[in-house]
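To start, the structure under review is shown below, and the notes come after it.
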Amino acid sequence: MHLRHSDHEHGPKEVPVRFILEDPQDLTGTDKVEWEVMAAKGEHLLEVAVENGINIEHACGAVCACSTCHVYVEQGMDEVSEPTEAEEDRVEEAPGLQMNSRLSCQCEIEGKGPIVVRVPAWNRNAVKEVPH
Ligand code: FES
């Protein structure tokens, strides 16, 4: 599925984002659990991950029509955009819902960071189990 990138111009990559992967093999093909990357304001977390080789599932192409890009924002919730009503409705369908659950394709970076994002292991598995 094509990934919808955030539309506006991005500034320099000066926002530190740390991704913690519960299943790094599945997402990156490596055993590396923690990834420190730099992102730009205006990017959404999903595109930051994918740009850096962290293949968070995004079944709907980042248009807020699935919940496969579900992540936990462990630090820096104030540094990303507030959830819209559409995101709130959609994220409720994600397994393992927590207070800090967000859809990574809907979280645009607004602040200076740092931001810490945990990617649950079952996101991809849930998708694989859906029959075609
Ligand atoms: S990729 Fe579908 S809601 Fe984020």
Side-chain angles (χ1 to χ4, degrees):
M1 172 64 76
H2 178 71
L3 173 61
R4 180 193 64 86
H5 288 266
S6 41
D7 335 305
H8 26 261
E9 278 298 302
H10 301 144
K13 291 196 183 290
E14 54 191 14
V15 182
V17 182
R18 179 149 51 104
F19 287 94
I20 302 169
L21 313 181
E22 291 185 357
D23 186 355
Q25 265 298 339
D26 214 12
L27 292 167
T28 66
T30 75
D31 290 325
K32 190 172 160 193
V33 171
E34 295 208 3
W35 294 62
E36 303 265 1
V37 304
M38 297 303 284
K41 281 187 194 173
E43 288 188 293
H44 56 68
L45 293 177
L46 175 63
E47 70 184 319
V48 175
V50 171
E51 271 167 19
N52 286 282
I54 303 167
N55 295 305
I56 296 175
E57 192 59 58
H58 46 278
C60 76
V63 296
C64 198
C66 70
S67 58
T68 56
C69 68
H70 174 211
V71 296
Y72 302 124
V73 177
E74 298 205 324
Q75 191 186 326
M77 192 62 102
D78 293 343
E79 312 287 325
V80 297
S81 55
E82 297 259 317
T84 60
E85 226 170 278
E87 181 189 341
E88 281 175 353
D89 289 349
R90 189 60 70 181
V91 80
E92 280 172 16
E93 296 168 10
L97 188 68
Q98 296 184 3
M99 289 295 288
N100 60 352
S101 287
R102 293 295 304 268
L103 296 180
S104 56
C105 73
Q106 300 299 307
C107 287
E108 276 193 13
I109 296 172
E110 294 181 342
K112 290 200 230 137
I115 299 169
V116 180
V117 179
R118 174 176 293 273
V119 186
W122 33 256
N123 272 2
R124 285 176 72 85
N125 295 339
V127 169
K128 282 179 192 152
E129 282 159 21
V130 174
H132 291 283

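First listed ligand is number 1; within each ligand, the first listed atom is number 1. Being a predicted model, the structure only gives us computed values, none of them experimental.
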Notebook entry, point to check: Is Glu87 paired with Arg102 through a side-chain N to carboxylate O contact shorter than 4.0 Å?
Noted result: yes

Notebook entry, point to check: Are the side chain of Ser104 and the backbone N or O of Val71 linked by a donor-acceptor pair below 3.5 Å?
Noted result: no

Check: Going by side-chain heavy atoms closer than 4.5 Å, which hydrophobic residues are tied to Met38, directly or by a chain of links?
Finding: none

Checklist line | Under the side chain to side chain contact (heavy atoms under 4.5 Å, CB included) test, residues paired with Glu85 that sit two or more places apart | finding: none

Checklist line | Sequence-distant partners of Glu51, side chain to side chain contact (heavy atoms under 4.5 Å, CB included), two or more places apart | finding: Lys13, Glu43, Glu47

Note to self: For atom 4 (Fe) of ligand 1, which protein N/O/S atoms fall under 2.8 Å? Skip waters.
What the structure shows: Cys69 SG, Cys105 SG

Notebook entry, point to check: Quick one: does Glu34's side chain have a donor or acceptor within less than 3.5 Å of a partner on Ile20's backbone?
Noted result: no

